[in-house]
Amino acid sequence: MATKKSNSKTTATVAYLTIFGTIIAFFMNFEDKNQYAYFHIRQAMGLFATFFFISFFIGYFNSLMISGAFYVFFIVLWFYGFMSALSNSTKPVPLLGAFYQKLFKMVGED
């Protein structure tokens with residue numbers, strides 16, 4: 001039998017596995033309402049929303065340098081959040097993590 005801490009870590013990790021993983025993690029945590037899992041769900045939602053929003057505008061530039069810099073930026077933030085979930089930490093991603101927590105505060109409210 002898995003413990004609640006194990007379930008919340010699994011849920012937090014799944015949240016970073018594509019936008020579909022974020023949706024799945026939200027429903028996995030629907031009964032438990034674990035704040036640790038909700039923290040990472042909000043972080044992942046913010047990362048994927050930022051990715052889709054910025055990539056819409058990046059698509060208009062025909063520059064490998066601009067696109068490459070954006071992808072490196074996103075991958076670094078994603079990796080930071082993913083590793084934070086794996087290490088049972090609630091460190092927000094650099095630059096945007098606190099903003100994501102405020103923007104998506106309705107996710108996980110009691």
**Student:** Could you check whether any side-chain N or O of Thr22 sits under 3.5 Å from a backbone N or O of Ala44, counting only pairs where one atom can act as donor and the other as acceptor?
**Tutor:** no
**Student:** Please name the pair of heavy atoms, one in His40 and one in Ser89, separated by the smallest distance, quoted to 0.1 Å.
**Tutor:** NE2-O, 2.8 Å
**Student:** Let me check something: do Val76 and Phe51 share a hydrophobic cluster, defined by ILVMFWY side-chain heavy atoms less than 4.5 Å apart, either directly or through other members?
**Tutor:**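 Hydrophobic grouping puts Val76 apart from Phe51.
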**Student:** Does any N or O in the side chain of Gln43 come within less than 3.5 Å of the main-chain N or O of Gly97, such that one atom is a donor and the other an acceptor?
**Tutor:**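 Yes; judged by distance alone, with no hydrogens or angles, the pair exists.
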**Student:** Do Asn34 and Asn7 pass the side chain to side chain contact (heavy atoms under 4.5 Å, CB included) test, and can you show the C-alpha distance, the side-chain angles, and the key distance before you say yes or no?
**Tutor:** CA-CA 9 Å; Asn34 184 289; Asn7 286 342; over 6 Å; no
**Student:** Heavy-atom distance under 4.5 Å between the side chains of Pro92 and Phe99, does that happen here?
**Tutor:**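 No - every pair of side-chain heavy atoms lies 4.5 Å or more apart.
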**Student:** Going by heavy atoms in the side chains, are Phe20 and Phe48 under 4.5 Å from each other?
**Tutor:** no
**Student:** Would you give the length of the straight line joining atom OG1 of Thr50 to atom CG of Leu95, rounded to the nearest 0.5 angstrom?
**Tutor:** 10.5 Å
**Student:** Would you kindly confirm whether Leu103 and Val107 end up in one hydrophobic cluster when ILVMFWY residues are joined by side chain heavy atoms under 4.5 Å apart?
**Tutor:**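 Yes, one cluster joins them.
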**Student:** Working to the nearest 0.5 Å, report the span between CD1 of Ile75 and CG of Leu47.
**Tutor:**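 Separation between the atoms: 12.0 Å.
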**Student:** Rounded to the nearest 0.5 Å, what separates atom CZ in Phe52 from atom CD1 in Ile19?
**Tutor:**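 With rounding to 0.5 Å, CZ (Phe52) is 6.0 Å from CD1 (Ile19).
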**Student:** Examine distances only and state if a side-chain atom of Ser84 and a backbone atom of Tyr80 form a donor-acceptor pair shorter than 3.5 Å.
**Tutor:**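 Checking the backbone N and O of Tyr80 against the side chain of Ser84, no donor-acceptor pair under 3.5 Å is found.
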**Student:** OG of Ser63 to CD1 of Ile58: how many Å apart, nearest 0.5 Å?
**Tutor:** 9.0 Å
**Student:** Quick check: do Met45 and Phe26 have side-chain heavy atoms less than 4.5 Å from each other?
**Tutor:** no
**Student:** Using side-chain heavy atoms (C-beta onward) and a distance below 4.5 Å, is Tyr100 in contact with Lys102?
**Tutor:**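 Heavy-atom side-chain distance check fails, nothing below 4.5 Å.
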**Student:** Should Phe104 and Ile54 be counted in the same cluster of Ile, Leu, Val, Met, Phe, Trp and Tyr side chains packed under 4.5 Å apart?
**Tutor:** yes
**Student:** Taking the six-membered ring for Trp, are the ring centroids of Phe57 and Phe61 within less than 6.0 Å of each other?
**Tutor:**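 When the ring centroids of Phe57 and Phe61 are compared, they turn out to be at least 6.0 Å apart.
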**Student:** Specify the closest pair of heavy atoms between Leu77 and Pro94, including all atoms of both residues, with the distance to one decimal.
**Tutor:** CD2-O, 3.5 Å
**Student:** Can you name the nearest heavy-atom pair linking Thr10 to Met28, along with the distance?
**Tutor:** CG2-CE, 4.2 Å
**Student:** Kindly compute the distance separating CG (Asp32) from OG (Ser8), expressed to the nearest 0.5 Å.
**Tutor:** 8.0 Å
**Student:** Hey, quick one: are Phe70 and Phe53 part of the same hydrophobic cluster, counting side-chain heavy atoms closer than 4.5 Å, chains of contacts allowed?
**Tutor:** yes
**Student:** Test of understanding: with ring pair (Phe, Tyr, Trp, His ring centres under 6.0 Å), list the residues that count as partners of Phe73, not counting sequence neighbours.
**Tutor:** none
**Student:** Do you know which two heavy atoms are closest between Ala85 and Tyr36, and how far apart they sit?
**Tutor:**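 Scanning both residues, the minimum pair turns out to be O-OH, 2.7 Å.
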**Student:** Could you pull out the closest heavy-atom pair between Gln101 and Arg42, with the gap in Å?
**Tutor:** OE1-NE, 2.6 Å
**Student:** Out of curiosity, Tyr71 OH to Ser55 OG, how far, rounded to the nearest 0.5 Å?
**Tutor:**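 Interatomic distance, Tyr71 OH to Ser55 OG, rounded to 0.5 Å: 6.0 Å.
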**Student:** Mind running side chain to side chain contact (heavy atoms under 4.5 Å, CB included) on Phe82 and Leu17 for me, showing each step along the way?
**Tutor:** CA-CA 9 Å; Phe82 186 72; Leu17 304 177; 4.1 Å; yes
**Student:** Shortest non-hydrogen contact from Thr90 to Phe39?
**Tutor:** O-CZ, 3.2 Å
**Student:** Side-chain heavy atoms under 4.5 angstrom apart, residues restricted to Ile, Leu, Val, Met, Phe, Trp, Tyr: same cluster for Val72 and Leu64?
**Tutor:**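 No, Val72 does not connect to Leu64 through the hydrophobic network.
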**Student:** Are the side chains of Thr11 and Ile41 in contact, using a 4.5 Å heavy-atom criterion?
**Tutor:** yes
**Student:** Do the ring planes of Trp78 and Tyr16 sit parallel (below 30°), tilted (30 to 60°) or perpendicular (above 60°)?
**Tutor:** perpendicular
